[in-house]
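See below for the structure under consideration.
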Amino acid sequence: MEEILEKLTDAQRRAVTHIDGPLLVLAGPGSGKTRVITYRVAYLIAKGIPPNRILAITFTNKAAEEMRRRLEAMHLPRGSTICTFHRLAARLLREYAERADLSKNFTIYDEADQLIAMRDALKALELDSKNFPSGKMLTHISNYKNDLVTPEQLAQLPQDFVGGKLVEIYRAYQKQLEKNNALDFDDLLMRLALLLRDDTELRDRLNERYQYVLVDEYQDTNHCQYQIARGLTLNHNNLCVTGDPDQSIYGWRGADIGNILAFEEDNPEAAGVHLEENFRSTPEVLNLADSLIRHNVQRKEKQLFTSKLSGAMPELAEYEDERAEAHGAAQYIKEKRHEGFEYRQMALFYRVNSLSRVLEEALRRERIPYQMVRGVEFYQRREIKDVLAYLRVLVNPSDRVSLKRIINTPARGIGNATVKRLFDYSENAGKDIWQVLAEADRLETIGAAAKTNVKKLVQMIHSWQVNTDKPVVEIMKMVYEQSGLKAMLAAEKSEDPAANVQELINSAVDYDSRIEKPALDDYLQQIALVSDADAYDEQAGAVSLMTLHTAKGLEFPVVLIVGVEEGLIPHARSAENEKEIEEERRLLFVGITRAQKKLCLSYASNRTFRGTRQATIRSTFLRGLEGLVFRREIEYEPDHNLNVADDLETGLTGNEPLSFIRGQLVRHSKFGLGRIQEAIASRDHPRVVVRFNAGGQKTIELKYAKLEKLDE
DNA sequence: CGAGGACACCTTTTT
DNA sequence: GGTGTCCTCG
Ligand SMILES: Nc1ncnc2c1ncn2[C@@H]1O[C@H](COP(=O)(O)OP(=O)(O)OP(=O)(O)O)[C@@H](O)[C@H]1O
């Protein structure tokens, strides 16, 4: 117990030792909020509270894992529930499926599945996907769900034409999910919140089970999540939340700083603790961060000091374009490596994922090891989704989205026309799709070959279904091999897909050994809820690349933030109003405050975006930043106007690009006079970028276009 | 039936 | 640069 409290400041200790009643910890970055949550759990256990009566909610699975690891290091008994809101919801909804009016084997739909379900819903309503784009519809519905608005409630509200349609779409979409025995991410939260609201007996029981509830990163909870936290603690009010309003970056998915106000209103007796010492960053980094966040009008000022020693000034670097920026980032990393930092201590952040590509290329070129912190991406790959779709069908035969995916993957002679006929028939006759498949023999519209193929598939699936209580790996391997997927991937040109499936199989081995009661349905639900940050491996010995959003909660001695430009941060699509811009500013704030020692921001004067190169403007956020110094002259390669494309592995054989130097006056047959901006040597596509006098900048393929060099 | 090509459309951030 | 959709051809 002493040991626990020893490592805390007075303020932290006050928060940790506060046992009963609501507690609100509001504090700036690096002040130890997460530590308070972890130590508070430890303290409660040390005080004799049974571990399984404690529930701690984290923002990512990775954070949960980390917290569990720390508690274990303190040699405390295990058994506390530490997970994300989504994981908790999935678990409780499974446990209390009947009361929630669900079947236990529900599938959790990811974004791609949701899109398909939405398209099906729109088709059923005979709505044109042009006027009602699926993605946008899903965003609206997601917002409603996060606010706990059901289709019925929505219908009560006065609606214009589009609004009225939205009610219908919301209903139809839910009907699709229901038919598939599926829940989307928001459903998980909403169903649990509603269950806690309506089923008072269960609520009491869960209040009993979770005597103490703690929520980290509270500033990014949405209404629905708050209702869950509140519902779980209604009887005892032992709810402790920590957060930083300046780090709220998920407003776009319903997170509401208003929840902090709600917490105070709902718990007027709540104790409040402020933590004012930052244990992470140098004063230089903190000053910079403060000079940025000060510009937000809608905010309460907070004190934050550090006793860390003064360090290097944060730097700002300007580059000609994104390639130069990526190269500069690689140089910066090498420089820090020389100064003695390890690769794993460095991170590169960007606003949008698309910026990572050029960075990866540069790092590869410089042989710098890196890891992409993007856990979800893996599970979105075609070959992975294929394998998982088979497993999903085994667990939840109603999942037609998955069934449609696998019915002819690999191709087994059940073509699109057949599939459509089968599903249409099931729809129109009101018969279960499996019944239709079983009776396909008798359907006149189905070709003879297709009939046998359907029969074979159904038999195969049945043969697997009796085996679903085996370890997950075994089922996975069996399905992968017997379905023909393995053969299909083996025949492909690229070996990556097969290797990816192998990785999936390995992760299943890991799952089977890690979990007490491994089960296929549980495995699938776990996988559906991975977060991007989960891919972060602190031991990897590699530089970490991730979005600013993913960086939340992490810390690195060396941090680089690239693309600090108008349109990127603040993002063009988040610049509608001051509120959005303030969130963008917070996002940059989060990025900056991840840095412990060294920080470098950069921007490129030109950036190629969807194929066209455009001049950029540096971010307005850079204005009024204090204590940022220009990075000293960037060492360009001697031939800095020569970029090397990927396909060029050996020496330069192409004659053309090299003969063009920057600033050379040229004439193009169609676009007229212009000047070379950049020359790109490449085996297959030697090209130059020309800024034409008539306006505009174009990339000219030297293979196809004749450029005439002119003397001045 | 199915493979492959042409074309449009969208890519901000994520559980 | 990816993906869904429509078309053609074998
Ligand atoms: N009392 C303390 N003594 C020494 N180090 C501490 C103390 N409290 C926190 N730290 C360290 O400070 C760093 C930041 O702590 P933590 O991640 O808990 O802060 P946070 O407030 O959750 O940060 P953020 O909100 O920026 O994610 C961690 O490395 C942590 O170990």
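Every chain is numbered from 1 and lettered A, B, ... according to where its sequence line falls, protein lines coming before strand lines. Predicted, not measured: the structure shown is a model, and the values here were computed from it.
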Each nucleotide N or O in nucleotides 5-10 of chain C that has a protein N or O under 3.5 Å away: list the pair and distance.
none

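- In summary, contact between chain A and DNA chain B, defined as any nucleotide atom under 4.0 Å from a heavy atom of the protein, begins and ends at dC1(B) to dT15(B) in the 5' to 3' direction.
- With sequence neighbours excluded, the residues satisfying side chain to side chain contact (heavy atoms under 4.5 Å, CB included) with Thr150(A) are Glu152(A), Gln153(A), Met190(A), Leu194(A).
- The side chain to side chain contact (heavy atoms under 4.5 Å, CB included) test applied to Ala97(A) returns Leu102(A), Lys104(A), not counting sequence neighbours.
- Residues forming a side chain to side chain contact (heavy atoms under 4.5 Å, CB included) with Gln225(A) (at least two apart in sequence, or on another chain): Phe85(A), His86(A), Leu189(A), Thr221(A), Asn222(A).
- In this entry the distance linking NZ of Lys385(A) with P of dT3(C) reads 12 Å, nearest Å.
- Neither side chain, Asp521(A) nor Asn105(A), offers a donor N or O lying under 3.5 Å from an acceptor on the other.
- Not counting sequence neighbours, the partners of Glu383(A) by the side chain to side chain contact (heavy atoms under 4.5 Å, CB included) test are Arg381(A), Leu489(A), Pro497(A), Asn500(A), Val501(A).
- Across all strands shown, Phe85(A) has no heavy atoms under 4.0 Å from either base or sugar-phosphate atoms.
- Ile249(A) comes within 4.0 angstrom of nothing in the nucleic acid, heavy atoms only.
- The aromatic rings of Phe59(A) and Tyr250(A) are tilted relative to each other, their planes meeting at an angle between 30° and 60°.
- In this structure, Asp110(A) reaches neither bases nor backbone, as no heavy-atom distance under 4.0 Å exists between it and the strands shown.
- In this structure, Glu111(A) atom CD and dG2(C) atom P are separated by 17 Å, rounded to whole Å.
- With sequence neighbours left out, the salt bridge (charged side-chain N to carboxylate O under 4.0 Å, His left out) criterion links Asp147(A) to no other residue.
- Nucleotide dG1(C) holds its C1' atom 12 Å from the CD atom of Glu361(A), rounded to whole Å.
- Arg412(A) comes within 4.0 angstrom of the backbone, heavy atoms only, and of no base.
- Thr547(A) comes within 4.0 angstrom of the backbone, heavy atoms only, and of no base.
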Show me the donor-acceptor pairs, under 3.5 Å and distance only, between side chains in residues 372-380 of chain A and residues at least two apart or in other chains.
none

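- Nucleic acid contact for Thr60(A): none, since no nucleic acid atom lies under 4.0 Å from a heavy atom of the residue.
- Positionally, the nearest nucleotide of DNA chain B for Ala417(A) lies more toward the 5' end than for the other of Gln380(A) and Ala417(A).
- The distance from atom CD of Glu377(A) to atom P of dG1(C) is 14 Å, rounded to the nearest whole Å.
- The residue Asn61(A) sits apart from the nucleic acid: no heavy atom pair falls under 4.0 Å.
- When the salt bridge (charged side-chain N to carboxylate O under 4.0 Å, His left out) test is applied to Asp186(A), no partner is found at least two apart in sequence or on another chain.
- Between Asp532(A) and Gly135(A), the residue anchored closer to the 5' end of DNA chain B is Gly135(A), taking for each the nucleotide with the nearest heavy atom.
- Looking at heavy-atom distances under 4.0 Å, Arg87(A) makes no contact with the nucleic acid at all.
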